[in-house]
Number of protein chains: 2
Amino acid sequence: MKYDFDMKNLCPATFSFQVIGGKWHLPLMAILSENETIRYNDLKRRLDGITATTLTNALKELIAHGVVRREAFAEVPLRVEYSLTESGKELVPLIEAIVTWGGRHMPEIEPF
Amino acid sequence: MKYDFDMKNLCPATFSFQVIGGKWHLPLMAILSENETIRYNDLKRRLDGITATTLTNALKELIAHGVVRREAFAEVPLRVEYSLTESGKELVPLIEAIVTWGGRHMPEIEPF
DNA sequence: CCTGTAGGTATGTTTTTTGATACTAAGTAC
DNA sequence: GTACTTAGTATCAAAAAACATACCTACAGG
């Protein structure tokens with residue numbers, strides 16, 4: 001998402017929102033939060049339907065924002081492990097709080 | 001954002017995320033949270049750069065999700081007031097928590 | 001040599017979201 | 001009757017995000 005309006009006091013909001021703002025970022029973080037570390041192809045399998053390009057981009061963004069860590073091991077075949085950083089782990093309960101809110105208020109809209 | 005993957009246990013997440021997921025939804029809620037009620041054109045002026053089409057769509061989505069209320073008064077010229085519902089007000093501190101997180105962790109990425 | 005695995009990249013297309021521009025209705029003020 | 005206001009709508013164009021497909025490197029197994 002590209003922002004061009006002035007965000008003097010919303011700037012941290014923009015930052016936060018960019019972290020959770022991609023289509024796959026939230027599911028991705030959910031899976032990462034359930035695993036100490038996880039490998040690229042395992043992640044890809046768990047995120048059913050994601051393409052390699054999109055997964056790679058999402059991971060790069062999360063890494064650039066400091067919430068995900070990438071560790072490559074010089075093994076054969078190559079092993080690459082992804083995990084949440086401390087900053088990323090801090091974000092998880094906040095996301096969960098918003099999800100809990102969703103759980104409480106979704107029924108008001110469309111009963112299920 | 002359109003989701004097509006299976007979200008059995010992420011469904012409230014999808015809901016929550018759709019609420020805050022548009023480019024203007026967060027700024028819009030921020031302004032709504034600062035005013036008891038606010039009129040369409042005032043909102044438009046405060047959200048510098050938004051087009052009528054986009055503002056109208058964003059408001060419709062927020063209303064459909066139950067976080068914003070629209071009240072039209074049969075005056076001349078027509079007056080329409082927007083405000084947060086109770087459910088919308090509950091969401092505000094949660095969003096703020098995520099923004100606070102952003103404020104704490106943004107500096108780690110790019111000093112300012 | 002051919003195939004398979006892991007972790008991607010390159011290139012182009014489609015889908016989704018947002019924006020630009022013009023226009024509308026109803027009434028008041030001039 | 002012309003202009004101005006509010007709160008939008010309609011139509012089309014542009015931009016952004018995601019997807020599809022093919023391909024790459026390095027090594028192992030057969």
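Below, chain A is the first sequence line, B the second, and so on; all start at residue 1. Below, all heavy atoms of this structure are taken into account, side chains as well, without hydrogens, waters or symmetry copies.
The distance from atom CG of Asn57(B) to atom C1' of dT11(D) is 13 Å, rounded to the nearest whole Å. Rounded to whole Å, atom P of dG8(D) lies 10 Å from atom CG of Leu43(B). Atom CD1 in Ile38(A) sits roughly 14 Å away from atom C1' in dG7(C) (whole-Å rounding). What separates CG of Asn41(A) from P of dG4(C) is a distance of 16 Å, to the nearest Å. Spacing between atom CG of Leu59(B) and atom P of dG8(D) amounts to 8 Å, rounded to whole angstrom units. Tyr40(B) places its OH atom 16 Å from the P atom of dT5(D), with the value rounded to the nearest Å. Put simply, CZ on Phe73(B) is 18 Å from C1' on dA26(C), counting in whole angstrom units. Here the P atom of nucleotide dT6(D) and the CG atom of Leu55(B) are 14 Å apart, to the nearest Å.
Remark: Arg70(A) is in phosphate contact with dG8(C), judged by side-chain N or O atoms under 4.0 Å from OP1 or OP2. OP1 or OP2 of dG19(C) has not a single side-chain nitrogen or oxygen of Lys44(B) nearer than 4.0 Å.
In terms of the salt bridge (charged side-chain N to carboxylate O under 4.0 Å, His left out) criterion, residue partners of Arg79(B) (sequence neighbours excluded) are, by chain and number, Glu75(B), Glu81(B). Residues meeting the side chain to side chain donor-acceptor pair (under 3.5 Å) test with Glu86(B), sequence neighbours left out: none. Evaluation of the salt bridge (charged side-chain N to carboxylate O under 4.0 Å, His left out) rule for Arg70(A) yields no partner, not counting sequence neighbours.
Comparing atom distances between the Lys23(A) side chain and each of dG19(C), dG8(C), dA18(D) picks out dA18(D) as nearest. The Ala52(B) side chain lies nearest to dG8(D) when the options are dC19(D), dG8(D), dT18(C). Here the nucleotide nearest the side chain of Trp24(A), chosen from dA18(D), dG8(D), dT18(C), is dA18(D).
Checked by atom type, the side-chain pair Glu90(B)/His105(A) shows a donor-acceptor distance below 3.5 Å. With no hydrogens or angles considered, no side-chain donor-acceptor pair links Thr53(A) and Thr56(A) at under 3.5 Å.
In terms of heavy-atom proximity, Gly66(A) sits nearest to Thr85(A) at O-OG1, 2.6 Å.
Contacts between residues 75-85 of chain B and DNA chain C, defined by a heavy-atom separation under 4.0 Å, are made by Val76(B).
For residues 74-99 of chain A, there are no ring-ring contact (aromatic ring centres under 6.0 Å, His included) pairs, not counting sequence neighbours.
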Is there a side chain to side chain contact (heavy atoms under 4.5 Å, CB included) between Leu26(A) and Phe17(B) once you walk through the steps?
CA-CA 9 Å; Leu26(A) 226 44; Phe17(B) 198 57; 3.9 Å; yes
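A salt bridge links Arg45(B) to Asp42(B): at least one charged side-chain nitrogen sits closer than 4.0 Å to a carboxylate oxygen.
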Atom pairs under 3.5 Å: protein N/O with N/O of nucleotides 10-13 of chain C:
from	atom 1	to	atom 2	distance (Å)
dA10(C)	N6	Thr53(A)	OG1	3.0

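Checking Arg39(B) against His25(A), the closest nucleotide of DNA chain D that is more toward the 5' end is the one next to Arg39(B).
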